[in-house]
A.B. asks: 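Sending over a structure as structure tokens; questions will come in a sec.
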Amino acid sequence: MKNLKKQLQVEIDTSFLYESIAKKEQEESLKKVLFALAEIENNHAAKMLERIKKDQPDFEVPTPSLRAKIQLKLGKIFGYDHIIGNLANTEKQMARSVIKNKLKKGEKLSGFEHNHLKIIEAVSDNQSTTISSGLLSKFEGRHKSVGGNAVRAAVLGANDGLVSNMSLVMGVAGAAVENKIILITGLAGLLAGAISMALGEWLSVQSSRELYLRQIELETEELEASPEDEKRELTLLYRAKGMDYKTAAELADKIFENKDTAIDALIVEELGIDKEELGGSAWEAAFVSFFLFAIGAILPVFPYFFSEGKTALYISVGASVFGLFLIGTSITLFTGKNILFSGFRQVLFGLAAAAVTYGIGSLIGISLAG
């Protein structure tokens, strides 16, 4: 019964997110698909509710969870692509669960277990539609979710800053050095880590951009040198996706009527590059990484601005525990795990790292004093 209630909550959350995104979607075709998926999830939820009420007649249908509502709010900031990606993962997990249960009971598979993803793929493959293939590809897992990556970067960046600087501050505090030295060390750790993160992010984004641009440049040269060969390659790619030869050839001919559409198709189909990823600014990514790392890293340091000794240490640990718990709960947006479990697990790991460095610092302090 507990698992059934948990699955009911998943169905309600999924329906809520599908419907919420559909209301904000501009493309009518995609809007219809999303509303249809929301309705299917509602039907699943209704059937589960009937099963639960057989044993618990007074059971009330739950509302969308806090996790789902937070995801939707984050979507307004980072874009809804990360929600689309998470919904795709949820659908895959549901399909795997259904398949596992059927095999366990000895039931025959219908072939429709992955039906929701197949619906999206069918719409995406319809060349006459105006639906954004970039958004639909998030259902199929073909491209990285820019919005999802931004949210993950925010959580992981703050986590890196908090854990690394908390360990550093605890290690220095364990050596029983002066308050001023702890403060300077913590600020130095904050700046060093944030600059390192920013530089790493800048190099990562810039290198990816340069690689993609070079690949596009080579593909453009090949198109100009041997357009017929490139057209044949595109035809083969479409055939590999299940099209018959005539349909694939006609589609390739249509695309190659214009050089711009031809290179765009080759970039997506042959190189697997999402052109939207080329628009990101390396400097913007670097600044965001610096800022997020600094947010996490300042928590164990700020008490030493206004307090000293054990009092500052206790406030530092308390602020760090709060930050670790908040980060742990944020991670559940991607994992779907229990909020309290993830929050306390993150606290446990962070405190373990801090305890180790504090112990090492204490041993060093004793050695130096001796």
Side-chain angles (χ1 to χ4, degrees), residues 74 77-79 81-82 85 143-173 175 177 180-218 267 271-305 316 319-320 322-324 326-328 330-331 333-335 346 349-350 352-354 356-358 360-361:
L74 288 175
I77 301 171
F78 295 102
D81 287 355
H82 80 282
H143 301 301
K144 293 183 292 183
S145 172
V146 177
N149 285 343
V151 179
R152 288 178 177 86
V155 173
L156 297 178
N159 180 68
D160 288 345
L162 175 53
V163 175
S164 63
N165 221 33
M166 179 178 65
S167 299
L168 178 62
V169 169
M170 292 301 110
V172 178
V177 299
K180 180 172 65 175
I181 295 177
I182 298 175
L183 180 58
I184 293 173
T185 302
L187 292 176
L190 184 156
L191 288 172
I195 291 171
S196 176
M197 285 284 291
L199 179 59
E201 190 67 20
W202 186 91
L203 288 173
S204 175
V205 174
Q206 189 65 20
S207 298
S208 296
R209 282 172 52 83
E210 291 172 355
L211 174 61
Y212 288 156
L213 290 172
R214 178 56 180 162
Q215 287 179 313
I216 292 172
E217 182 182 338
L218 292 173
I267 288 170
L271 300 179
I273 295 175
D274 183 357
K275 290 182 71 176
E276 292 181 3
E277 293 180 2
L278 300 177
S281 167
W283 288 108
E284 181 181 347
F287 174 79
V288 171
S289 294
F290 182 97
F291 180 71
L292 293 171
F293 186 97
I295 287 178
I298 196 63
L299 287 177
V301 178
F302 83 89
Y304 289 91
F305 280 104
S316 176
S320 299
F322 173 77
L324 287 167
L326 188 62
I327 289 170
S330 299
I331 291 173
L333 293 174
F334 317 116
T335 64
Q346 195 72 14
F349 289 160
V356 170
T357 56
Y358 184 86
I360 293 173

A.B. asks: CZ of F302: more than 12 outside heavy atoms within 6.0 angstrom?
C.D. replies: yes
A.B. asks: Please confirm whether the backbone N or O of A192 pairs with a side-chain atom of S196, one donor and one acceptor, at under 3.5 Å?
C.D. replies: no
A.B. asks: Taking all non-hydrogen atoms of both residues, which atom of Q346 and which atom of L324 are closest, and how far apart?
C.D. replies: CG-O, 3.3 Å
A.B. asks: About how many Å separate CG of L187 and CD1 of I184, when rounded to the nearest 0.5 Å?
C.D. replies: 8.0 Å
A.B. asks: Could you measure the distance from the CD1 atom of I182 to the CG atom of L168? Nearest 0.5 Å is fine.
C.D. replies: 10.5 Å
A.B. asks: Hey, does the side chain of S330 reach the backbone of L326 with a donor-acceptor pair shorter than 3.5 angstrom?
C.D. replies: yes
A.B. asks: Any chance you could measure I327, atom CD1, to L299, atom CG, to the nearest 0.5 Å?
C.D. replies: 8.0 Å
A.B. asks: Write down the atom of S167, the atom of V163, and the distance for their closest heavy-atom approach.
C.D. replies: OG-O, 2.8 Å
A.B. asks: Calculate, to the nearest 0.5 Å, the distance between atoms CE and CZ belonging to M197 and F291 respectively.
C.D. replies: 13.5 Å
A.B. asks: Let me confirm one number: the CG-CG distance from L292 to D160, rounded to the nearest 0.5 Å.
C.D. replies: 10.5 Å
A.B. asks: For the backbone of A354 and the side chain of T357, can you confirm whether one donor and one acceptor N or O come within less than 3.5 Å of each other?
C.D. replies: yes
A.B. asks: Atom CG of L162 and atom CG of L190: how far apart are they, to the nearest 0.5 Å?
C.D. replies: 11.0 Å
A.B. asks: Please confirm whether the backbone N or O of A198 pairs with a side-chain atom of S289, one donor and one acceptor, at under 3.5 Å?
C.D. replies: no
A.B. asks: Taking the side chain from N165 and the backbone from G186, do they hold a donor-acceptor pair closer than 3.5 Å?
C.D. replies: yes
A.B. asks: Do the side chains of V169 and T185 get nearer than 4.5 Å, heavy atoms only?
C.D. replies: no
A.B. asks: Testing the basics here: between M166 and S320, what is the closest heavy-atom pair and its distance to 0.1 Å?
C.D. replies: SD-CB, 3.1 Å
A.B. asks: What closest approach, in Å, do A173 and Y358 show between heavy atoms, and which atom pair accounts for it?
C.D. replies: C-CE1, 4.0 Å
A.B. asks: Who pairs with S164 by side-chain contact (heavy atoms from CB on, under 4.5 Å), at least two apart in sequence or on another chain?
C.D. replies: F293
